[in-house]
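Below: the structure, in structure tokens.
As the structure is a prediction and not an experimental result, all values here were calculated from the model. Order of the sequence lines sets the chain letters (A, B, ...), proteins ahead of strands, with each chain counted from 1.
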Amino acid sequence: MSQPNDFFERVYEVVRQVPYGKVTTYGAIARFLGAAKSARTVGYAMNAAHHLEDVPAHRVVNRIGMLTGKHHFGGINTMQQLLEAEGHTIIDDQIQDFETVLWQPKKEL
DNA sequence: ACCGTGACTGACG
DNA sequence: ACGTCAGCCACGG
């Protein structure tokens, strides 16, 4: 349906709307869905979304811009490489100028 | 139905 | 400023 009832699908809907060259956080997605305290569950959803090609999971990081989920992309540096390919600079698993490339659905939508 | 787990976050010392 | 602790919620066994 146009309005998914499953929590996971709602998470995917938001992630799919993250613009190229931008990133967002688990908490931002959770708050946008009205479940501010379900950030962990959002991460859990990403884990399950890993098999979906239309869900840019690499654009979702934690609140400080660290690639905490890099190990879930198969290769240790896969997530970093994907982000660098979009123009981001990553040092020590952290996105540089994170606040500049941050995309918040709560504000943008 | 209960328990453990986790790609998080905010609060505390 | 930094490391540690506890709360949260959805899913699988």
- Find the distance between CZ (A:R16) and CD (A:E9) and round it off to the nearest 0.5 Å. 8.0 Å

- Answer yes or no: side-chain N or O of A:Y44 and base N or O of B:dA7 forming a donor-acceptor pair under 3.5 Å. no

- ILVMFWY network linking A:V60 to A:F73, side-chain heavy atoms under 4.5 angstrom: no

- Query: Choosing from B:dG6, B:dA7, B:dC8, which nucleotide comes nearest the side chain of A:A57?
  - Reply: B:dA7

- Starting at the 5' end of DNA chain C, which residue's closest nucleotide do you reach first, A:K37 or A:F8? A:K37

- Query: chain A on DNA chain C: first and last contacting nucleotide, 5' to 3', under 4.0 Å to a heavy atom?
  - Reply: C:dG7 to C:dC11

- Would A:E13 and A:R10 pass as an ion pair if we require N to O under 4.0 Å? no

- Under 4.0 Å between any heavy atoms, over every strand shown, what does A:N47 touch: base, sugar-phosphate, or nothing? Just pick one. base

- Note on the structure: To the nearest angstrom, the NE2-C1' distance between A:H72 and B:dA7 comes to 5 Å

- Can you tell me the distance, in whole Å, between the CE atom of A:M66 and the C1' atom of B:dT9? 13 Å

- Lys/Arg-Asp/Glu bridge criterion (N-O < 4.0 Å) met for A:K22, A:E108: no

- Measure from CZ on A:R31 to C1' on B:dG10 and round the result to the nearest Å. 11 Å

- Message: Considering every strand and a 4.0 Å limit on heavy-atom distances, what is the contact class for A:H50: base, sugar-phosphate, or nothing?
- Response: base

- Query: If you look at every strand shown and take non-hydrogen atoms under 4.0 Å, does A:A35 touch a base, only sugar-phosphate, or nothing?
  - Reply: nothing

- Query: If each of A:R40 and A:N62 is mapped to the nucleotide of DNA chain B with the nearest heavy atom, which maps nearer the 5' terminus, i.e. the 5' end?
  - Reply: A:R40

- Query: Which stems, defined as runs of 3 or more consecutive Watson-Crick or G-U wobble pairs with both pairing distances under 3.5 Å, involve DNA chain B?
  - Reply: B:2-6 with C:9-13, B:8-13 with C:2-7

- Say you draw a straight line from OG1 of A:T25 to CE of A:M66; how long is it, rounded to the nearest 0.5 Å? 14.0 Å

- Whole-Å distance separating the CG atom of A:N77 from the P atom of B:dA7: 18 Å

